[in-house]
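Down below is the structure, laid out as structure tokens.
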Amino acid sequence: MKVFITREISEKAIDLLKKEKFKVGIYKKDKPIPRKELIKKVKDADGIISLLTENFDKELINQISNCKIIANVAVGYDNIDTIYAKEKNIIVTNTPDVLTDSTADLTVALILACARRIPEGERMVRKRKFKGWKPKLLLGIELKDKTVGILGAGRIGTETAIRIKTFKTKIIYFDRERSDKLEKETDAEKVSLEDLLSKADIISVHLPLTKDTLHFLNKERLKLLKKSAILVNTSRGEIIDEQELIKILKKKKIFSAGFDVYENEPKINPALLKLNNVVLLPHIGSATEEARTGMALLAAKNVIEVLNGRKALTSVN
Ligand code: DGY
């Protein structure tokens, strides 16, 4: 059986696949595989391990006649047409759980970086502009007694809430479903979307990207944010109308925003680079040794299960 991996992942995962005597092909360059090459490589693969940088749309899925599984090395799978894959009898899997803690850690870091203006301070020191302690130098926002709004009460939203609660904050959340876990662990209160946006001091976005959540935070909804609000996004850039958010940030209608993801990733809107009230990270929510190894291993195990005729561990279609 042939397995193609679209980028180098943890050796441990590759070893697992080789132990199964699969013929493993890997795109070795440290950049997304060009579409033409991808089509060539996946044509006769029985299993594919892909990253979120590869777009498995109808056109690409039509090219993969043997394939039984596309194992995405990410919890998000908006890069794959899962419905069409199912029509073609291709199982799609993702990598939940293994990256929850890493992403929640990074979300808290991003909140603190915004609240305490850490990158601004760093830039000041590096540019040798720090001239000594000043009573009003880089005044930020304390977290104690602030209300944190969790938008999307899934695994990462919940773990973020648990962490940020320890800063003596109050948690509110918006989701279609009630989350017993979130409520039990953080005394969180489920509120309407409008209440979350207008009452929270800090808003953390944890929604999956679907056709319903594209520009979920649009102009009208962004207008509801408090002037003192901090908005952070570690899920998918397309959930926020970035142009509208930039307008708000330029007019200082909120305190700041933290981005780990962008609407046109990896392109960064040049306007963002000129703003001081933003913290910009390069999509590193799951970038820890632990999470990335876990993600690669889970993807490999999904491939092993499916190619041996067993049920996938974390199928999404
Ligand atoms: C995911 O898993 O969806 C992240 O965005 C990448 O770790």
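Both counts, for ligands and for their atoms, begin at 1 and track the order of listing.
With no hydrogens or angles considered, a side-chain donor-acceptor pair links Asn79 and Asn72 at under 3.5 Å.
No part of Thr95 comes within 4.0 Å of ligand 1, judged by heavy-atom distances. Contacts with ligand 1 closer than 4.0 Å are made by side-chain heavy atoms of Leu99 only, the backbone lying farther away.
The protein non-hydrogen atom at the shortest distance from atom 6 (C) of ligand 1 is Leu52 CD2, 3.6 Å. Ranking protein heavy atoms by distance to atom 3 (O) of ligand 1, first place goes to Arg236 NH2, 2.7 Å. In this structure, atom 2 (O) of ligand 1 lies nearest to the protein heavy atom Val75 N, 2.7 Å.
Proximity to His283 (heavy-atom distance under 4.0 Å) selects the following atoms of ligand 1: 4 (C), 5 (O), 6 (C). Close approach of ligand 1 to Gly76 (heavy-atom distance below 4.0 Å) involves ligand atoms 1 (C), 2 (O), 3 (O). Atom numbering of ligand 1 starts at 1 in the shown order; those under 4.0 Å from a heavy atom of Ser286 are 6 (C), 7 (O). Set against the non-hydrogen atoms of Met295, the atoms of ligand 1 under 4.0 Å away are 7 (O). Residue Ala74 has at least one heavy-atom neighbour below 4.0 Å for each of these atoms of ligand 1: 1 (C), 2 (O), 3 (O).
A salt bridge links Arg163 with Glu159: the closest approach of a Lys/Arg side-chain nitrogen to an acidic carboxylate oxygen falls below 4.0 angstrom.
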Point to revise | Pair Glu8-Lys29, salt bridge (Lys or Arg N to Asp or Glu O under 4.0 Å): steps then yes or no | key: CA-CA 8 Å; Glu8 282 205 79; Lys29 293 186 190 153; over 6 Å; no
